[in-house]
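Here the structure comes first, spelled out in structure tokens, and everything after it is commentary.
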Number of protein chains: 2
Amino acid sequence: MDASLSLDSPLSDTVAPRLGYMLRRASAVMMAGLGAALADMALRPVEGTILILVGENPGCIQSDIGRMLGIKRANMTPLIAGLAARGLLSKTPVDGRSLALALTVEGEAARRRVDATMDAHEARFEALLKDHDMAALRDALRIIAQQGEPGAD
Amino acid sequence: MDASLSLDSPLSDTVAPRLGYMLRRASAVMMAGLGAALADMALRPVEGTILILVGENPGCIQSDIGRMLGIKRANMTPLIAGLAARGLLSKTPVDGRSLALALTVEGEAARRRVDATMDAHEARFEALLKDHDMAALRDALRIIAQQGEPGAD
DNA sequence: TATTGTTATACTCTATAACTATA
DNA sequence: TATAGTTATAGAGTATAACAATA
């Protein structure tokens, strides 16, 4: 016997068309796709992102990365330690309390692979949205994101 | 002394304009805003969403809700138990293995407050996006979300 | 045999508090 | 006094595996 409502009427769902809900689902799909694409390299999206940011900002400190990504100091420590333990980046004391970050040779190779993977991932979705105004989409997302708190910490 | 790169050049950030990253940040801002708006009622966004779905689908079973929201059976159990323990919804056995869900009188009152809160939250962001094509934005988000796995479980 | 619900468990992400050391 | 980094800890969210009962 059909345990749900009716054989002929599918369930009602007034939540699905809500903007916040649609954003959440779309974001989850893209993050999951990127996670799968980076799994080859045993890197999570946040780790790949850190490699890219350190690569284009050699000498930046851990807190700079945390502020850019909205990740708190306390949560940056194990992330950076993990990447350093894998030999992908180096931590060099600069003034006694700050650590300058830079990619190692191996880290730079990983960064290039991450960058290519992210570009391909991005391109795959942009192709699906070829009939859409991407500039307008990015503008809308930027406006929404700007309503949040400035940064972590 | 300046511990970062330079006094005159802000940090480079090629990650910020990526679609997946922008989606993640925008989604986080809207979810945080909704969470704050629902905090008065001591309901999390997922709990409010369940109240709405049960309210418009009285008699639906726990698994139906899980499938609609992409939440696995194992994680639905404590969610539904919590709402039932607070007297917001009832669980009625329908065929020995399924539980029909329905809102209690108190749950229906909570659902109305949640619905009004979500409407106001949605309206606040739509006002910010008044110069944007909302139908195009929803269409883009729908296309992205459809690339994901059909459902949990 | 597939579905429903439950329990136990684990991993990730995020958050706060407290601490040391330095600018 | 504010900043940088660390440690410990706690709460969500999500994942799998195993189980009982039922369709």
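Every chain is numbered from 1, with letters handed out A, B, ... down the list of sequences. These numbers come from the heavy atoms of this one structure, side chains and all, not from hydrogens, waters or symmetry mates.
Residue contacts for Leu99(A): at a heavy-atom cut-off of 4.0 Å it reaches the sugar-phosphate backbone alone, with no base atom in range.
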Item checked: Leu128(B)/Gln146(A) under side chain to side chain contact (heavy atoms under 4.5 Å, CB included): CA gap, chis, key distance, verdict -> CA-CA 11 Å; Leu128(B) 288 167; Gln146(A) 282 176 347; over 6 Å; no
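Between Ile61(B) atom CD1 and dT3(C) atom P there is a gap of 11 Å when expressed in whole angstrom units. Per the geometry, CZ belonging to Arg44(B) stands 9 Å off C1' belonging to dG13(D), to the nearest Å. Atoms NZ (Lys72(B)) and C1' (dC11(C)) sit 14 Å apart, rounded to a whole Å. Rounded to a whole Å, the CD1 atom of Ile71(A) is 15 Å from the C1' atom of dG5(D).
The side chain of Arg67(A) contributes an N or O atom lying less than 4.0 Å from OP1 or OP2 of dA4(D).
Side-chain to base pairing of Arg97(A) with dA21(C): no donor and acceptor N or O lie closer than 3.5 Å to each other.
Checking dC13(C), dG13(D), dG5(C) against every side-chain atom of Arg24(A), the shortest atom distance belongs to dG13(D). When distances are taken from the side chain of Ser63(A) to each of dG5(C), dG5(D), dG13(D), the shortest belongs to dG5(D). Each of dA15(D), dT6(D), dT4(C) was ranked by its minimum atom distance to the side chain of Arg73(A); first place goes to dT6(D).
A salt bridge does not link Asp13(A) to Arg18(A): none of the charged side-chain nitrogens sits closer than 4.0 Å to a carboxylate oxygen. Comment: Asp139(B) engages Arg142(B) in a salt bridge, judged by a side-chain N to carboxylate O separation of less than 4.0 angstrom.
The main-chain N or O of Leu38(B) is never found under 3.5 Å from a side-chain atom of Thr117(B) such that the two would form a donor-acceptor pair.
Within a heavy-atom distance below 4.0 Å of DNA chain C, the residues of residues 74-82 of chain A found are Ala74(A), Asn75(A).
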